[in-house]
K.L.:
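Before we start, here is the structure in question, set down as structure tokens.
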Amino acid sequence: MTAEIAPATTNQNKANNFLRQRIADDLETGTTKRVVTRFPPEPNGYLHIGHAKSICINFGLAEAFGGHCHLRFDDTNPEKESQEYIDAIIDDLHWLGFQWHGDTRFASDYFEQLHQWAKLLIGKNLAYVCDLSPEQARAYRGSLTEAGRNSPYRERSADENLALFEKMTAGEFDEGHCVLRAKIDMSAPNINLRDPIIYRIRKFRHHRTANKWCVYPTYDFTHGQSDAIEGITHSICTLEFEDHRPLYEWFLQQLPVPNQPRQFEFSRLNVNYTVTSKRKLKHLVDAGLVDGWDDPRMPTISGMRRRGYAAQSLRNFCDSTGVTRVNGVVDMSQLEFAVREHHNVNAPRAMVVMQPLKIVLGNYDASDAEQLRAPNHPQNEAMGSRSLPFGRELYIDREDFRESANKKFKRLVLGKKVRLRNAYVIFAESVVRDEQGEIVEVHCSYDPATLGADPPDGVKPKGVIQWVSAAHAVGIEVREYDRLFRIENPERAGSDEQALLESVNPNSLRVHRNCLAEPSLAEARPEQVFQFEREGYFVADRHQHTSAKPVFNKTIGLRDSWGKVDNQASNSGAK
RNA sequence: UGGGGCGUCGCCAAGCGGCAAGGCACGGGGUUUUGAUCUCCGCAUUCGAAGGUUCGAAUCCUUCCGCCCCAGCCA
């Protein structure tokens with residue numbers, strides 16, 4: 001055995017970032033002995049790409065430091081939450097490849113404890129029942145530049161507050177009649193400290209506790225204490241919660257919690273041409289602009305899954321964007337790179353013709369029909385090969401034929417040659433038109449000496465195009481997507497629903513019903529991804545694909561340097 | 001005009017007083033039976049701006065400018 005030099009980095013090494021540095025410090029100085037993080041979604045919608053980043057950070061940190069990551073549903077608002085969302089979120093987490101430590105947890109598991117702590121606060125004269133209406137409370141709160149005023153109910157006695165809170169809990173008051181507030185400081189420059197509400201009356205059936213409660217703790221009174229109960233050491237959230245940190249710490253100091261977690265904030269993920277707001281995504285769903293939360297155009301985890309993005313790609317993308325406190329917007333191209341990077345290596349190749357144009361090989365006898373073999377991956381023999389029927393009549397894509405073209409067009413041109421992928425070189429001799437003058441057939445000849453070999457004359461055709469055998473092709477439906485939003489930053493277009501709807505791209509879905517595929521594709525299983533050569537990556541639809549009626553979603557096109565050249569040519573009129 | 005944050009290449013992002021990593025995008029060359037992949041090359045004399053400290057500053061100090069978040073009985 002020779003001495004090995006330890007690799008400086010592990011293969012899946014994640015970039016260092018301020019959270020890792022901080023945790024490493026905490027461990028080194030003994031501030032903490034272990035690392036426990038948590039992913040705390042509210043079950044009020046489906047998870048999106050932004051949550052994927054939070055998931056990767058929280059689970060990634062726990063893994064990197066040999067700790068644990070919990071899953072805890074932050075279910076303190078029964079009006080907006082449901083079991084459907086819980087199930088969907090759990091599905092997404094598993095699909096992404098993460099498993100949390102221990103049971104699935106719920107903030108509602110701690111309602112009893114939270115309620116007792118609220119009474120404890122009342123007993124310490126640090127909480128009171130306030131009868132101000134929402135409008136009055138807002139007025140009393142002051143403004144960004146003016147201090148608030150004390151509520152007239154602020155000095156009720158602990159006994160009175162306790163009695164009132166018990167009445168709230170018993171359901172003796174209507175919603176909105178009163179709330180329980182922490183007694184902190186109405187003149188605090190941080191508005192979150194101006195006697196924040198910690199319990200409100202909500203007469204909704206809760207998806208877990210049913211009708212047991214009619215008072216529910218607010219986020220601020222729930223999150224930190226839940227972290228403490230679970231032994232969370234590093235509570236990671238996004239920047240907008242930074243102003244809540246003093247409050248988070250205030251509750252932990254006033255209450256006899258078993259542990260002192262600390263909160264750290266990072267900037268949320270934004271991607272251009274899309275939105276990462278559950279509220280907005282829910283609006284698209286409710287307005288019927290998309291076909292549900294997992295519509296392939298949605299930036300939800302389930303939408304991207306249905307679109308054909310690999311879980312690995314999502315994880316790689318999240319890792320590639322880094323963890324910082326800078327508000328930024330990541331280019332969609334960075335996500336797309338991660339998607340292609342994975343599929344290029346893993347997706348078997350196949351041939352599909354999107355817009356069929358018939359080819360007749362005049363010198364190929366129909367009775368000579370043969371089975372060719374094609375590798376499933378050009379760079380990976382281990383992926384095997386498949387059989388490809390070849391015959392006198394074929395289909396190629398309309399886009400791959402022109403009666404005349406300049407030398408930049410490396411496809412089939414009348415009077416020229418082209419290579420049929422995995423098969424022979426053919427020569428275009430003549431065209432057949434219908435009554436409208438449209439070309440319906442191209443008559444060609446093939447060169448029998450070119451199967452797996454260059455032409456005997458040594459002149460290699462410049463182009464290679466995909467094809468399918470007319471007698472064996474399988475009809476498939478292909479759904480092609482364009483970006484859901486026409487503007488680069490729909491997130492900042494405005495918060496109102498109208499602005500959101502106006503930014504939606506009306507042509508984000510195109511359905512192609514007459515595509516023809518090589519027969520092997522009939523055996524595709526739902527969610528299986530292929531590269532349709534020269535076109536892109538496509539996935540058999542998770543819900544609607546069957547071998548009787550194959551349906552593929554276009555995940556993403558191949559990088560296309562020709563498209564750019566061709567566009568420039570047509571724009572300058574020089575086709 | 002209160003409080004809290006943030007400003008390094010078109011985008012993301014290292015950098016932690018010693019003389020600007022990397023990825024995406026983009027441009028160009030090579031290989032190629034996918035105009036894909038792969039590969040090679042190029043891409044910030046400059047770090048929001050201006051002063052200052054220092055032998056030396058993206059890193060320290062001062063001032064200024066710009067952007068984001070906070071006034072839900074949402075999270």
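The figures that follow rest on heavy atoms only: side chains count, while hydrogens, waters and symmetry mates do not. Chain naming here is simple, since letters A, B, ... match the order of the sequence lines and numbering starts at 1 in each.
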K.L.:
Quick test: give all pairs of protein nitrogen or oxygen and nucleotides 67-70 of chain B nitrogen or oxygen below 3.5 Å, distance rounded to 0.1 Å.
P.N.:
unit_1: B:C68; atom_1: O2'; unit_2: A:Asn327; atom_2: ND2; d: 3.1

K.L.:
Looking at A:Tyr216, does the NZ or CZ of A:Arg202 lie under 6.0 angstrom from its six-membered ring centre and within 45 degrees of the ring axis?
P.N.:
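That pair does not qualify as a cation-pi contact.
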K.L.:
Would you indicate what A:Leu132 reaches in the nucleic acid, counting non-hydrogen atoms under 4.0 angstrom: base, sugar-phosphate, or nothing?
P.N.:
base
K.L.:
My understanding is that only residues two or more places apart in sequence, or in another chain, count here; which of them pass side-chain contact (heavy atoms from CB on, under 4.5 Å) with A:Arg398?
P.N.:
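Residues passing side-chain contact (heavy atoms from CB on, under 4.5 Å) with A:Arg398: A:Gln355, A:Leu357, A:Glu438, A:Ile439.
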K.L.:
Take atom C1' in B:A20 and the same atom in B:A57, then report the distance between them in whole Å.
P.N.:
13 Å
K.L.:
If the threshold is 4.0 Å, N to carboxylate O, is there a salt bridge linking A:Lys80 and A:Glu42?
P.N.:
no
K.L.:
Quick one, give me the B/S/- string for nucleotides 30-40 of chain B, reading 5' to 3', where B means a protein heavy atom under 4.0 Å from the base and S means that only happens at the primed atoms, P, OP1 or OP2.
P.N.:
---BBBBB---
K.L.:
Determine the sole option in A:Gln531, A:His343, A:Arg340 for which the side-chain hydrogen bond (donor to acceptor under 3.5 Å, both in side chains) test with A:Tyr537 is passed.
P.N.:
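Exactly one candidate clears the test, A:Gln531.
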K.L.:
Got a salt bridge between A:Asp109 and A:Arg105, using NZ or NE/NH1/NH2 to carboxylate O under 4.0 Å?
P.N.:
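No, A:Asp109 and A:Arg105 are not salt-bridged.
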K.L.:
Using atom P in both nucleotides, what's the gap between B:A50 and B:U59 to the nearest angstrom?
P.N.:
12 Å
K.L.:
Examine A:Arg483 relative to A:Tyr273 and say whether NZ or CZ is less than 6.0 Å from the centre of the six-membered ring and inside a 45° cone about the ring axis.
P.N.:
yes
K.L.:
Under 4.0 Å: is that the gap between some side-chain N or O of A:Arg141 and OP1 or OP2 of B:G72?
P.N.:
yes
K.L.:
With respect to the phosphate group of B:A13, does any side-chain polar atom (N or O) of A:Thr324 fall under 4.0 Å of OP1 or OP2?
P.N.:
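The answer is yes; a side-chain N or O of A:Thr324 sits under 4.0 Å from OP1 or OP2.
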K.L.:
Counting C-beta onward and ignoring hydrogens, is there a side-chain heavy-atom pair between A:Tyr153 and A:Arg181 closer than 4.5 Å?
P.N.:
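When only atoms from C-beta onward are counted, A:Arg181 and A:Tyr153 do not touch, as no gap falls below 4.5 Å.
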K.L.:
Using 4.0 Å as the upper bound for N to carboxylate O, is an ion pair formed by A:Arg268 and A:Glu240?
P.N.:
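Here A:Glu240 pairs with A:Arg268 in a salt bridge, since their nearest N and O are under 4.0 Å apart.
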K.L.:
In whole Å, I'd like the distance from the CE atom of A:Met186 to the C1' atom of B:G2.
P.N.:
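Value for this atom pair: 15 Å.
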K.L.:
Counting just side-chain N and O atoms, does A:Thr145 come under 4.0 Å of either OP1 or OP2 of B:G3?
P.N.:
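Result: no.
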K.L.:
Find the partner of B:A20: check Watson-Crick (N1-N3 plus N6-O4 or O6-N4) and G-U wobble (N1-O2, O6-N3) distances, both under 3.5 Å, and reply none if neither fits.
P.N.:
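Partner of B:A20: none found under 3.5 Å.
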K.L.:
So, OP1 or OP2 of B:G22: does either fall under 4.0 Å of a side-chain N or O from A:Gln334?
P.N.:
no
K.L.:
Can you measure A:Leu269 atom CG to B:A13 atom C1' for me and round it to whole angstrom units?
P.N.:
14 Å
K.L.:
Could you let me know what B:U54 is paired to, Watson-Crick or G-U wobble, both distances under 3.5 Å, or none if it's on its own?
P.N.:
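Across any shown strand, B:U54 pairs with none.
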